[in-house]
*Asks:* 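Before anything else, here's the structure in question.
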Amino acid sequence: MEELERLIKGRKCHFELYYSSIMNFCMKLYLKGYNSDGSDIVIFDEQNSDLDYLISKCKVAYKDWLLENKGGY
């Protein structure tokens, strides 16, 4: 979790993490108002019962997005 926090610190990312007994852990990472029309870009939005797996998957998705759109991280 600390590495993910370090990656998004200082950027205009919004991060949501919550637990629901119906849906397990839910995680969303997005850039609010990033597009020219003011819409959000959702980088990661998934749910899973394993929080560590979900965090790792989010880190990979964010790093991939940075490599494709920002030239690196």
Side-chain angles (χ1 to χ4, degrees):
M1 187 68 145
E2 291 145 8
E3 184 182 353
L4 181 60
E5 291 173 343
R6 183 183 56 78
L7 279 172
I8 64 175
K9 185 177 181 177
R11 300 183 192 258
K12 295 183 180 187
C13 288
H14 293 266
F15 176 74
E16 297 174 7
L17 173 64
Y18 59 93
Y19 177 77
S20 167
S21 59
I22 298 169
M23 296 175 20
N24 298 316
F25 290 101
C26 301
M27 185 178 290
K28 183 176 183 180
L29 181 66
Y30 63 99
L31 299 171
K32 189 169 182 106
Y34 188 81
N35 288 326
S36 59
D37 63 355
S39 62
D40 300 342
I41 291 181
V42 177
I43 297 170
F44 185 80
D45 186 11
E46 291 193 25
Q47 65 186 30
N48 197 295
S49 60
D50 185 348
L51 180 59
D52 290 331
Y53 176 73
L54 198 60
I55 291 169
S56 296
K57 202 168 175 183
C58 183
K59 285 191 301 191
V60 170
Y62 186 54
K63 287 179 179 181
D64 286 345
W65 185 87
L66 287 173
L67 287 170
E68 291 173 10
N69 296 284
K70 299 293 183 180
Y73 59 93

*Asks:* Side-chain contact test, heavy atoms from C-beta onward, threshold under 4.5 Å: evaluate it for L31 versus C13 and give yes or no.
*Replies:*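 They are in side-chain contact.
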*Asks:* Do L66 and V60 belong to the same hydrophobic cluster, where Ile, Leu, Val, Met, Phe, Trp and Tyr are linked whenever their side-chain heavy atoms lie under 4.5 Å apart, directly or via other members?
*Replies:*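 No; V60 is not reachable from L66 via cluster members.
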*Asks:* Are side-chain heavy atoms of L29 and W65 found at a separation under 4.5 Å?
*Replies:*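 In short, these two side chains do not touch, never coming nearer than 4.5 Å.
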*Asks:* Do F44 and L54 have side chains that get closer than 4.5 Å, going by heavy atoms?
*Replies:*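 They are in side-chain contact.
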*Asks:* Quick check with a 6.0 Å cut-off and a 45 degree axis cone: is K57 positioned over the face of Y53's six-membered ring?
*Replies:*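 No - K57 does not lie over the ring of Y53 by the 6.0 Å and 45° rule.
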*Asks:* Rounded to the nearest 0.5 Å, how far does NE2 of H14 lie from CD1 of I41?
*Replies:*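 Atom-to-atom, I41:CD1 and H14:NE2 are 12.0 Å apart.
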*Asks:* Has K63 got more than 12 heavy atoms of other residues, nucleotides or ligands less than 6.0 Å from its NZ?
*Replies:*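 Atom NZ in K63 is packed in, count exceeds 12.
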*Asks:* Shared ILVMFWY cluster between F15 and Y30, side chains joined below 4.5 angstrom?
*Replies:*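 Each belongs to a different hydrophobic cluster.
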*Asks:* How many angstroms lie between CG in D45 and CE in M27, if you round to the nearest 0.5 Å?
*Replies:*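 Interatomic distance, D45 CG to M27 CE, rounded to 0.5 Å: 10.5 Å.
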*Asks:* Quick check: does any side chain N or O of D40 sit under 3.5 Å from a backbone N or O of V42, one acting as donor and the other as acceptor?
*Replies:*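 A pair under 3.5 Å: no.
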*Asks:* Measure the spacing between CG of N48 and SG of C58 and express it to the nearest 0.5 Å.
*Replies:*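 That separation rounds to 12.5 Å.
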*Asks:* Can you confirm whether Y19 is buried at OH, in the sense that more than 12 heavy atoms of other residues, nucleotides or ligands lie under 6.0 Å from that atom?
*Replies:*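 It does: Y19 OH has more than 12 such atoms within range.
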*Asks:* Just how far is it from atom CD of Q47 to atom OH of Y18, taken to the nearest 0.5 Å?
*Replies:*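 If I round to the nearest 0.5 Å, the distance is 7.5 Å.
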